[in-house]
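A note on names: the letters A, B, ... follow the listed sequences, proteins ahead of strands, and every chain is numbered from 1.
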Amino acid sequence: MIWLDVKRVAKAGFVNFWRNGVVSIASVFVATVTLYTVGILLLSSAFLQASISEIKNKVDINVYFEKDAPIDQIEGLTNRLRSLPEVKDVEYVSREQALVVFKERNKDNALIIQSLNELPDNPLGAVLNIRAKEPSQYEGIATFLNQQKEKAVSASGASIIDSVNYQKNKIVIDRLTAIVSAVERLGFMASLILGLMAILVTFNTIRLAIYNSREEITVMKLVGASRSYIRGPFVIEGLMYGVSAAILATFALYPTTFWIRNTTTSFFGSFNLLTYYLSNLGQIFLVLLGTGVVLGMVSSFFAIRKYLK
Amino acid sequence: MIYFNKVSKVYPDNSVALDNVTFSIAPKEFVSIVGHSGAGKTTLLRMMLLEERPSTGEVSFESINLNDLRGEHIPQFRRRIGVIFQDFRLLSTKTAFENVAFAMEAAGVPDDIIQTDVPEVLELVGLEKKIWSFPHQLSGGEKQRVAIARAIINQPEIIIADEPTGNLDPVNTYEIIQILKKINDLGTTVVMTTHNKGIIDTLGKRVITLETGRLIRDDKEGKYIL
Ligand SMILES: Nc1ncnc2c1ncn2[C@@H]1O[C@H](COP(=O)(O)OP(=O)(O)OP(=O)(O)O)[C@@H](O)[C@H]1O
Ligand SMILES: [Mg+2]
């Protein structure tokens with residue numbers, strides 16, 4: 001009995017979707033624009049995340065050790081740093097590596113290379129490059145390092161740490177922290193407003209489509225159809241709007257990412273929107289499908305409520 | 001089978017549509033309701049269908065007081081009634097067959113019965129050639145036949161028809177009335193409103209006359225007197 005109703009409701013929904021021609025096309029079109037917007041928001045946020053983390057990765061603070069700092073003390077400090085929850089990674093650069101890097105960076109400067117070669121010993125100390133999970137956490141790490149500077153003393157009684165370059169980087173880091181949180185907040189607000197607008201427009205379109213059927217709904221009631229039997233096909237139509245729109249919007253995103261890649265690769269460096277889109281195609285489609293189906297069905301469900309009273 | 005007991009209806013805008021109306025309808029009767037425009041005829045029919053509820057008084061159907069019906073009991077009750085309107089009110093995206101079948105589907109009738117009954121009833125109203133036509137492909141008379149087929153498909157105890165011939169030419173009017181008479185002869189109660197003097201005078205059945213919401217005449221074999 002219930003199964004028979006479900007079958008009839010589903011069939012009526014599909015048939016109405018097909019026969020309602022222009023109304024269905026209009027609703028699908030609006031829902032497609034909505035889901036396209038949602039898709040663009042998804043891609044932008046992935047893009048934003050990638051850009052932010054790329055910039056974040058360029059920031060670190062460096063600990064410069066004295067030349068005679070004992071290796072086991074450096075290791076001890078490294079381990080203590082790694083155990084801090086704020087620290088993302090700690091890179092140890094030995095004196096020899098530091099020299100290689102320094103030489104490499106200055107290979108065109110004959111004077112520097114020559115002076116280096118004349119020195120009896122490697123003038124550079126070992127270095128730790130520390131990266132925090134969030135830019136705002138560098139402050140805490142710097143404080144920790146300052147405490148360590150007093151504790152980590154060699155046999156001679158002098159600190160093994162020559163300098164920490166936090167103060168120098170502080171301005172850049174602070175500014176970056178501010179920018180990142182502003183961009184994230186702005187992005188969130190923009191997504192919220194845009195998403196909400198898109199949803200309202202779709203809901204209104206579906207409401208209009210159902211408004212067009214209000215007299216037929218009255219007839220169905222008078223012929224003895226129950227509320228759920230009348231409502232069912234409209235909800236199925238909403239589902240069809242969502243499914244069709246998800247497919248169309250996913251396709252429409254392809255040329256968009258293609259175009260964005262071609263106009264922005266030089267600007268944004270390593271993150272490629274097209275590659276991101278193609279490798280996350282399934283996930284993007286599922287998100288749009290889910291959004292579309294829920295939006296279509298829920299809109300229909302509530303839009304028809306008024307006429308079922 | 002239908003009882004109106006001191007029924008009054010005042011719409012929210014304070015217009016009085018029915019004023020203390022009392023009458024009853026026995027099974028197998030054919031009752032016409034006449035009256036000037038705005039007399040309250042449609043309002044009276046809408047009460048039987050539970051589209052409106054009385055402001056005071058009560059309407060009952062057999063032993064059911066319609067005031068007590070709520071929720072799912074309303075559609076179940078409506079399946080015992082067939083409705084016909086002046087403007088046909090077919091479902092525009094459904095064929096003649098599907099319009100008639102809809103009333104059965106909504107009542108949960110199995111598919112095999114629908115497949116045999118619907119063509120039979122459409123043949124009864126003379127539409128066997130237009131089974132697969134959509135409403136926009138049908139003439140007014142043909143649409144009203146589909147509507148009648150839809151109204152009788154569930155073998156209702158009573159047919160309620162609000163100016164069923166209001167939009168039809170004399171030939172179609174005559175034929176539709178003949179169909180209604182035939183349905184009545186087969187044992188279904190019919191309640192119809194009309195402005196057509198000719199129909200009333202040739203029918204020779206019971207006539208209830210309303211005037212500004214009050215019942216002013218109720219004649220066993222009535223004439224159209226206004
Ligand atoms: N939904 C409504 N809200 C307010 N007033 C209404 C409503 N429906 C009907 N009326 C009023 O109630 C009175 C009776 O209307 P009704 O439709 O029952 O008349 P009728 O006899 O069917 O007229 P007609 O012959 O023109 O169809 C009229 O004065 C009308 O204006
Ligand atoms: Mg009327």
Practice problem: Against chain B, work out which of A/I230, A/V223, A/L222 has the most heavy-atom pairs shorter than 4.5 Å and name it. | Solution: A/L222
Quiz item: Side chain, backbone, both or neither: which part of B/L90 has a non-hydrogen atom closer than 4.5 Å to chain A?
Solution: backbone
Exercise. Answer with yes or no whether the side chains of B/D13 and B/S15 bring together a donor and an acceptor at under 3.5 Å.
Key: yes
Quiz item: Is a side-chain donor-acceptor pair under 3.5 Å present for A/Y241 with A/S299?
Solution: no
Practice problem: Side chain from CB out, backbone as N, CA, C, O: work out which of these in A/K7 comes under 4.5 Å of a heavy atom of chain B, or both, or neither. | Solution: side chain
Exercise. Check whether NZ of the Lys or CZ of the Arg A/R214 lies under 6.0 Å from the centre of the six-membered ring of A/Y211 and within 45 degrees of that ring's axis.
Key: yes
Quiz prompt | Least distance between heavy atoms, A/L288 atom then A/L35 atom | solution = CD2-O, 3.4 Å
Self-check item: Which atoms of B/E72 approach chain A - backbone, side chain, both or neither, heavy atom under 4.5 Å
Solution: side chain
Quiz item: Yes or no on salt bridge (charged side-chain N to carboxylate O under 4.0 Å, His left out) for B/K41 and B/E163, after CA distance, side-chain angles and deciding distance?
Solution: CA-CA 10 Å; B/K41 305 181 292 296; B/E163 296 184 44; 5.1 Å; no
Quiz prompt | Top contributor to chain A contacts, counting heavy-atom pairs under 4.5 Å, from B/F102, B/F85, B/F77 | solution = B/F102
Self-check item: Greatest number of heavy atom pairs closer than 4.5 Å to chain B - which of A/R8, A/R19, A/R227
Solution: A/R8
Practice problem: Counting only heavy atoms closer than 4.5 Å, note whether B/F134 contacts chain A via side chain, backbone, both or neither. | Solution: side chain
Self-check item: Modelled atom types, side-chain donor and acceptor of B/S92 and A/E216, under 3.5 Å
Solution: yes
Quiz prompt | Which portion of A/T218 sits near chain B, non-hydrogen atoms under 4.5 angstrom | solution = side chain
Practice problem: Using non-hydrogen atoms and a 4.5 Å limit, figure out which bit of B/P156 sits close to chain A: side chain, backbone, both or neither. | Solution: neither
Exercise. Identify which part of B/R150 has an atom lying under 4.5 Å from any heavy atom of chain A, answering side chain, backbone, both or neither.
Key: side chain
Self-check item: Winner by heavy-atom pair count (cut-off under 4.5 Å) against chain B, out of A/S226, A/G224, A/S228, A/A225
Solution: A/G224
Quiz item: Would B/S60 and B/N65 count as having a side-chain donor-acceptor pair, cut-off 3.5 Å?
Solution: no
Exercise. Verify the distance criterion only: is there a donor paired with an acceptor across the side chains of A/E237 and A/N20 at less than 3.5 Å?
Key: yes
Quiz prompt | Heavy-atom pairs under 4.5 Å with chain A, option from B/E98, B/R78, B/Q76, B/E51 with the top count | solution = B/R78
